[in-house]
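One structure below.
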Amino acid sequence: MPELPEVETVRAGLEPVLVGRSLARVEARRPDLRFPLPDGFVQRLTGARVLNLRRRAKYLLAGLDRGGALLMHLGMTGRFEVEGAAMRDGFALAAPADAKHAHILFETDEGVRITFYDARRFGFMDLVEDDDRRLLALGPEPLGADFDATVLARAFAGRRQGPKTLLLDQRVVAGLGNIYVCEALHRARISPTQPAASVAPRRLEPLVAAIKDVLGEAIAAGGSSLRDFAAANGELGYFQHSFRVYDQEGEPCPNRGCRGTIRRTVQAGRSTFFCPTCQR
DNA sequence: AAAGTTGCCTGCAAGC
DNA sequence: TGCTTGCAGGCAACTT
């Protein structure tokens, strides 16, 4: 469940049980996620206190009192489950619900257990410093003041690539994924496939606004929940009901005054949903 | 069969 | 010509 709004929702859910707590127990139930866990992962985290929980792009960063941070990425299917303070009552916690994909377990000094599940295992964790190159390479936060039309003008200049693929490039703007790029381009009525250099400059400001709007609305809705089977303890987001183009192939275009039909195409190996009538 | 992720690899074009 | 760089597209990692 992982684009910026989903990661932000996860961050907000973990913050109250994690920040200020120390990790009494850490268990890695396999040596790797997408990549091998770093050397001494469990030892280096056990006993550490979490100072803060931040989001950067689609990354979660738990700052540690012993320096550095725990970097976490949800990949495609990564998710966290939080279970209450059973330890305080002297009861052992039940086995993870989906034991096969429960890869990392944290238990705080309050006895709260936080389990990281990831069926496809495209997610990853690492222990990093502030100068980690994955973080330094990221473009501006789309909801930040420094993301504006000028940023897009620079990124689009001279590019034959479509706006769709450039907006997915985390070096241009950090945190957008397939869903919200499709949604934002539709709101701004910009073709996802035309050469980015051919998008008129006056259209970049509305595009920035569309990106900020759709992300803000999605965060307010708790993100989007796709293909989420067992409803975890946390509530599911409901923004998927507000999709105007994503996964809406064949539906009428909801843009005002447009009588087009939503189509699906493939760009850089990923589905693009758009209205060929009003997005030009 | 398709999937919301990133990053690596390739082949090609452009530039010096 | 040959080398380097950037670009654009494809694919791999895995499970349901």
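Below, chains carry the letters A, B, ... as their sequence lines are ordered, and counting in each starts from 1. Just so we're clear, the structure is a prediction, and the values are computed from it rather than from any experiment.
- Taking atom CG of residue A:L166 and atom P of nucleotide C:dC7, one finds them 10 Å apart after rounding to whole Å.
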- Message: For a quick check, with a 4.0 angstrom heavy-atom cut-off, what is the B/S/- contact string for nucleotides 9-15 of chain C, read 5' to 3'?
- Response: ----BBB
- Message: Taking Watson-Crick (N1-N3 plus N6-O4 or O6-N4) and G-U wobble (N1-O2, O6-N3), each under 3.5 Å, can you produce the dot-bracket string of DNA chain C? Use [ ] for crossing pairs and | for inter-strand ones.
- Response: .||||||||||||.||
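- Legend: side chain to side chain donor-acceptor pair (under 3.5 Å) pairs involving residues 201-219 of chain A, not counting sequence neighbours, sorted by first then second residue: A:R187-A:E217.
- Screening A:R44, A:R134, A:R133, A:R34 for a salt bridge (charged side-chain N to carboxylate O under 4.0 Å, His left out) involving A:D126 leaves a single residue, A:R134.
- Residues from residues 168-195 of chain A with heavy atoms under 4.0 angstrom of DNA chain C: there are none.
- Listed by first and then second residue, the salt bridge (charged side-chain N to carboxylate O under 4.0 Å, His left out) pairs involving residues 155-169 of chain A are A:D169-A:R171 (not counting sequence neighbours).
- For B:dA3, the OP1/OP2 oxygens have a side-chain nitrogen or oxygen of A:S271 closer than 4.0 Å.
- Grouping Ile, Leu, Val, Met, Phe, Trp and Tyr residues whose side-chain heavy atoms lie under 4.5 Å apart, directly or via other members, places A:F124 in a hydrophobic cluster with A:F35, A:Y59, A:L61, A:L71, A:V128, A:L135, A:L138.
- Between the C1' atoms of B:dG4 and C:dA8, the separation comes to 22 Å (whole Å).
- Taking atom CZ of residue A:R264 and atom P of nucleotide B:dA1, one finds them 13 Å apart after rounding to whole Å.
- In summary, of the residues considered (A:T115, A:V17, A:I114, A:V112), a side-chain contact (heavy atoms from CB on, under 4.5 Å) with A:E83 occurs for A:T115 alone.
- Cluster partners of A:L136, using a side-chain heavy-atom cutoff of under 4.5 Å among ILVMFWY residues and allowing indirect links: none.
- Of the charged side-chain nitrogens involved, at least one lies within less than 4.0 Å of a carboxylate oxygen, so that A:R25 and A:E107 count as a salt-bridged pair.
- Per the geometry, CG belonging to A:L226 stands 12 Å off C1' belonging to B:dA2, to the nearest Å.
- Separating the CD atom of A:Q240 from the C1' atom of B:dA3 is a distance of 15 Å, rounded to the nearest angstrom.
- The nearest whole Å value for the distance from the CD atom in A:E249 to the P atom in B:dA2 is 11 Å.
- Between A:K58 and A:E6 there is no salt bridge, since no side-chain N of the basic residue sits under 4.0 Å from a carboxylate O of the acidic one.
- Clustering of Ile, Leu, Val, Met, Phe, Trp and Tyr by side-chain heavy atoms under 4.5 Å joins A:L51 with none of the others.
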Report each atom pair, protein N/O against N/O of nucleotides 8-16 of chain B, whose distance is under 3.5 angstrom.
none

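- Contacts classified as ring-ring contact (aromatic ring centres under 6.0 Å, His included) and involving residues 257-279 of chain A (residues at least two apart or in different chains) are given here: A:Y246-A:F273.
- Atom-to-atom, CG of A:D247 to P of B:dA3 comes out at 8 Å; the value is rounded to the nearest Å.
- Listed by first then second residue, pairs satisfying ring-ring contact (aromatic ring centres under 6.0 Å, His included) with a partner in residues 202-226 of chain A number zero, not counting sequence neighbours.
- Pairs of residues two or more places apart, or lying in two chains, never qualify as ring-ring contact (aromatic ring centres under 6.0 Å, His included) while including a residue from residues 206-226 of chain A.
- Atom pair A:K58:NZ and B:dG4:C1' shows a separation of 8 Å (rounding to whole Å applied).
- A:D32 and A:R30 are joined by a salt bridge, as a carboxylate oxygen and a charged side-chain nitrogen come within less than 4.0 angstrom of each other.
- Straight-line distance from the CZ atom of A:F273 to the P atom of B:dA3: 6 Å, rounded to whole Å.
- Across all their heavy atoms, A:L168 and A:G177 have their closest contact at CD2-C, 3.3 Å.
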